[in-house]
Student: 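For reference, the structure I am asking about is given below.
Each chain gets a letter, A, B and so on, in the order its sequence line appears, and its residues count up from 1.
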Amino acid sequence: MRVRFAPSPTGALHIGGARTALYNWFVARGSGGTLVLRIEDTDRERSTPENVEQILDALRWLELDYDEGPISQVERSSRHAEVLQQLLDQDLAYRTTATAEDVKAYKAQHGADKGFRGRPEAEGAVRLRVPEDEELVVHDLIRGDTTFRTVHLDDPVIARADGTALYNFAVAIDDHDARITHVIRGEDHLSNTPKQLLVYRALGVDPPAFAHLPLLHGPDGKKLSKRHGAASVQELRAEGYLPAAIRNYLALLGWGDADDETIITTDELVKRFDITRVSKNPARFDVQKLRWLNGRYLRELSLDELTAALEEHTGRTGLRSVVEISCEKIQTLADFWPLAGFFFDGPTTTDAKAREQWLGDDGRAALGDARGALAALPEDGFTVEEIDVALRAVVQAREAKPKQVFQPVRVALAGTTVSPGIFETLAVLGRDESLRRIDAALGG
RNA sequence: GCCGCCAUCGUCUAGGGGACUAGGACGCCGCCCUCUCACGGCGGAAACCGGGGUUCGAAUCCCCGUGGCGGUACCA
């Protein structure tokens, strides 16, 4: 199999596009075939070299490698011109100056469901001749057969007046020349397929196999955008999601097999993925589930791996001991700093409500007792076990509930009521720093 | 408007005529664990869009309706 992924290089690799890339990759890898990249860059306005590079970078980050490409439509313009002239010579296509308004007028006269047929002229855009009334069947690996009648189809413009090729024309030529066997793309291309089928016919070649993926929407059913948290792979990366988790989540967004499992390794996915089992319904992107899944993947990393990932993400070093005690509390790399930043930057989050609740008269009294117990511990005895014993003794002595002692300490150290385990936090912070922070809290 | 695609819990899905008191996962709720938040464990609420057929029997097949989405560019 020769499968091709054709991103539209607008800079960001949209999540829907990432899923299409992933499915293409599954099919290519699963069949021992080849993944070819084809860049849809005939619209030079937005397809800058920088944008193309950003897409490739996102693909590499997701670890979706391609064997060939990128094929650039712009670079293939002479080939497109050659085929165009051929179709013109064979009278399979014709030039016309008819505009969109002319097409509208034509329909007003002949009926809205009648496709536009133009009159050949010496100049103008090139339109492909569409058979008068014939049934064009799109065989789709996911949807089965869809029939389009050519009467409804306008003669499509395949090249501008200046001779440059348009998408529906270029894509067929490029895919054929690249010997593509499988075209897997978004459902928004389904209606374009009959036009491409006509181009293949004019070329006198067999079309590839098609599979049209259902579209992806945001949680509200609308088009996915930044408003929904993230719309591109680049944004997911910035928010600290792992490539493996994204691959797993995206694989399941529109596909599932009889096993119905949720956490599946990429290797297993490649083996199991079956394009014919892809869902026909549009799916909604649910960040909640991705977060959960990402948390599962995060917790499967070794301490060293997670530390390295977090140090790269935060740009800080020396995170290991803190990572060790907070790893089960984060779902993305971005969750780490808000939770554990206080270890390094001090209790900067001034949570007034927390101070009010836990550092009132009772709290300060408990904190004072806790300070005494902690200060009694030797420098080299400031361990989780010893701190545990010492603090629980304070709880006993005060005939208090554990949290009545622990929470004031937590607020003094972290500035908030949420942190890793209090004994672990104290041990990692060390005796001196812990006492310093407690004194600061008591003094304020 | 015209052409086309789609329709199972809030979300992602399993299901392909009897195995369905419709299964799993996220989320939600409750309980357990517990120093907070989590993690983990246990339990719960929660769906076949509507109407007609076909059939002994329909979530599953057909038709209509409704709804959602896509295409309808000298964009891709």
Student: Locate the shortest heavy-atom distance separating A:Leu213 from A:Ile275; write the atom from each residue and the value.
Tutor: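 Shortest heavy-atom contact: CD1-CD1, 4.2 Å.
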Student: Give a yes/no verdict on base stacking between B:rA76 and A:His189: centres under 5.5 Å, planes within less than 30° of parallel.
Tutor: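 Yes, aromatic ring over the base.
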Student: With heavy atoms under 4.0 Å as the rule, sort A:Glu261 into base, sugar-phosphate or nothing.
Tutor: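 Answer is nothing: A:Glu261 stays at 4.0 Å or more from every strand.
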Student: What interatomic distance, in whole Å, is found between C1' of B:rA19 and the corresponding atom of B:rA14?
Tutor: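 14 Å, rounded to whole Å.
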Student: Do nucleotides 32-46 of chain B as a string where each nucleotide becomes B, S or -: B if the base has a protein heavy atom under 4.0 Å, S if just the sugar-phosphate does, - if no protein is that close.
Tutor: ---BBBBSS------
Student: Do you know which of A:Ile180, A:Ile39, A:Val36 makes side-chain contact (heavy atoms from CB on, under 4.5 Å) with A:Ile71?
Tutor: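 Going through the options one by one, the only one that passes is A:Val36.
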Student: Pick the C1' atom in B:rC9 and in B:rG15, then give their distance to the nearest Å.
Tutor: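 Rounded to whole Å, the distance is 14 Å.
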Student: What distance, rounded to whole Å, do you find between the two P atoms, one in B:rG18 and one in B:rG57?
Tutor: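 Nearest-Å result for B:rG18 against B:rG57 at atom P: 14 Å.
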Student: Does the gap between the ring centers of A:Phe273 and A:Tyr23 come in under 6.0 Å?
Tutor: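 Yes, the ring of A:Phe273 comes within the 6.0 Å limit of the ring of A:Tyr23, centre to centre.
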Student: Does B:rG4 have a Watson-Crick or wobble partner in any strand here, with both distances under 3.5 angstrom, and which is it?
Tutor: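 Pairing partner: B:rC69.
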Student: Might you point out which heavy atoms bring A:Ala245 and A:Asn294 nearest each other, and give the distance in Å?
Tutor: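 Closest pair (atom of A:Ala245, atom of A:Asn294, distance): CB-OD1, 3.3 Å.
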Student: Please determine, for the side chain of A:Ala283, which listed nucleotide (B:rG1, B:rA76, B:rC12) has the closest atom?
Tutor: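 Comparing B:rG1, B:rA76, B:rC12 against the side chain of A:Ala283, the answer is B:rC12.
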Student: Quick one: are the ring centres of A:Phe285 and A:Tyr249 less than 6.0 Å apart?
Tutor: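 When the ring centroids of A:Phe285 and A:Tyr249 are compared, they turn out to be within the sub-6.0 Å range.
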Student: Would you kindly say whether A:Arg127 and A:Thr96 are connected by a side-chain donor-acceptor distance under 3.5 Å?
Tutor: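 Distance-only check fails for A:Arg127 and A:Thr96.
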Student: Please report the distance separating the C1' of B:rA45 from the corresponding atom of B:rC31, rounded so that it comes out in whole Å.
Tutor: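 Going atom to atom, C1' in each nucleotide, I get 15 Å.
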Student: Taking only N and O in the side chain of A:Arg291, is any of them less than 4.0 Å away from OP1 or OP2 of B:rU11?
Tutor: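 For B:rU11, neither OP1 nor OP2 has a side-chain N or O of A:Arg291 closer than 4.0 Å.
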Student: Nearest nucleotide by nearest heavy atom, which residue falls closer to the 5' end of RNA chain B, A:Tyr167 or A:Leu253?
Tutor: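 Nearest-nucleotide comparison on RNA chain B picks A:Leu253.
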Student: May I ask which nucleotide in the shown strands pairs with B:rU55, Watson-Crick or G-U wobble, both distances under 3.5 Å?
Tutor: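 With both distances under 3.5 Å required, B:rU55 matches none.
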Student: Taking the P atom of each, how far is B:rC26 from B:rG70, in whole Å?
Tutor: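 After rounding to an integer number of Å, I get 30 Å for this pair.
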Student: For the aromatic rings, using the six-membered ring if either is Trp, is the centroid distance between A:Phe26 and A:Trp255 under 6.0 Å?
Tutor: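 Ring-ring flag for A:Phe26/A:Trp255: false, centres at least 6.0 Å apart.
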Student: Would A:Asp113 and A:Lys107 count as a salt bridge (charged side-chain N to carboxylate O under 4.0 Å, His left out) if you check the C-alpha gap in whole Å, the side-chain angles of each, and the deciding distance to 0.1 Å?
Tutor: CA-CA 7 Å; A:Asp113 61 341; A:Lys107 287 180 187 271; over 6 Å; no
Student: Confirm from the modelled atom types if A:Asp259 and B:rA14 form a donor-acceptor pair under 3.5 Å, side chain to base only.
Tutor: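 Absent.
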Student: Taking the P atom in each of B:rU13 and B:rC49, what is the distance between them to the nearest angstrom?
Tutor: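 Rounded to whole Å, the distance is 15 Å.
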Student: Which distance, rounded to the nearest 0.5 Å, do you find between the CG of A:Leu242 and the CG of A:Leu62?
Tutor: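 Output value for this atom pair is 11.0 Å.
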Student: Within the structure shown, what part of the strands sits under 4.0 Å from A:Arg95 by heavy-atom distance: base, sugar-phosphate, or nothing?
Tutor: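 Nothing, no heavy atom under 4.0 Å.
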Student: Tell me, for nucleotides 3-10 of chain B in 5' to 3' order, what letter each nucleotide earns: B for a base near a protein heavy atom under 4.0 Å, S for only sugar-phosphate near one, - for neither?
Tutor: SSBSSS--
Student: Roughly how far apart, to the nearest Å, are B:rA38 and B:rG50 at atom P?
Tutor: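 Each nucleotide's P atom is 38 Å from the other's.
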Student: Does A:Arg160 place a side-chain N or O at less than 4.0 Å from the phosphate oxygens OP1/OP2 of B:rA76?
Tutor: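 A:Arg160 to B:rA76 OP1/OP2: side-chain N or O found under 4.0 Å.
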Student: Looking across every strand, which nucleic acid part, if any, lies under 4.0 Å from A:Gly115 by heavy atom: base, sugar-phosphate, or nothing?
Tutor: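 A:Gly115: no heavy atom of the nucleic acid under 4.0 Å.
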Student: Between A:Ser419 and A:Arg410, is the side-chain hydrogen bond (donor to acceptor under 3.5 Å, both in side chains) condition met? List the steps.
Tutor: CA-CA 7 Å; A:Ser419 81; A:Arg410 191 186 310 280; 2.7 Å; yes
Student: Over all strands shown, is A:Asp162 touching base, sugar-phosphate only, or nothing at heavy-atom distances under 4.0 angstrom?
Tutor: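 Answer is nothing: A:Asp162 stays at 4.0 Å or more from every strand.
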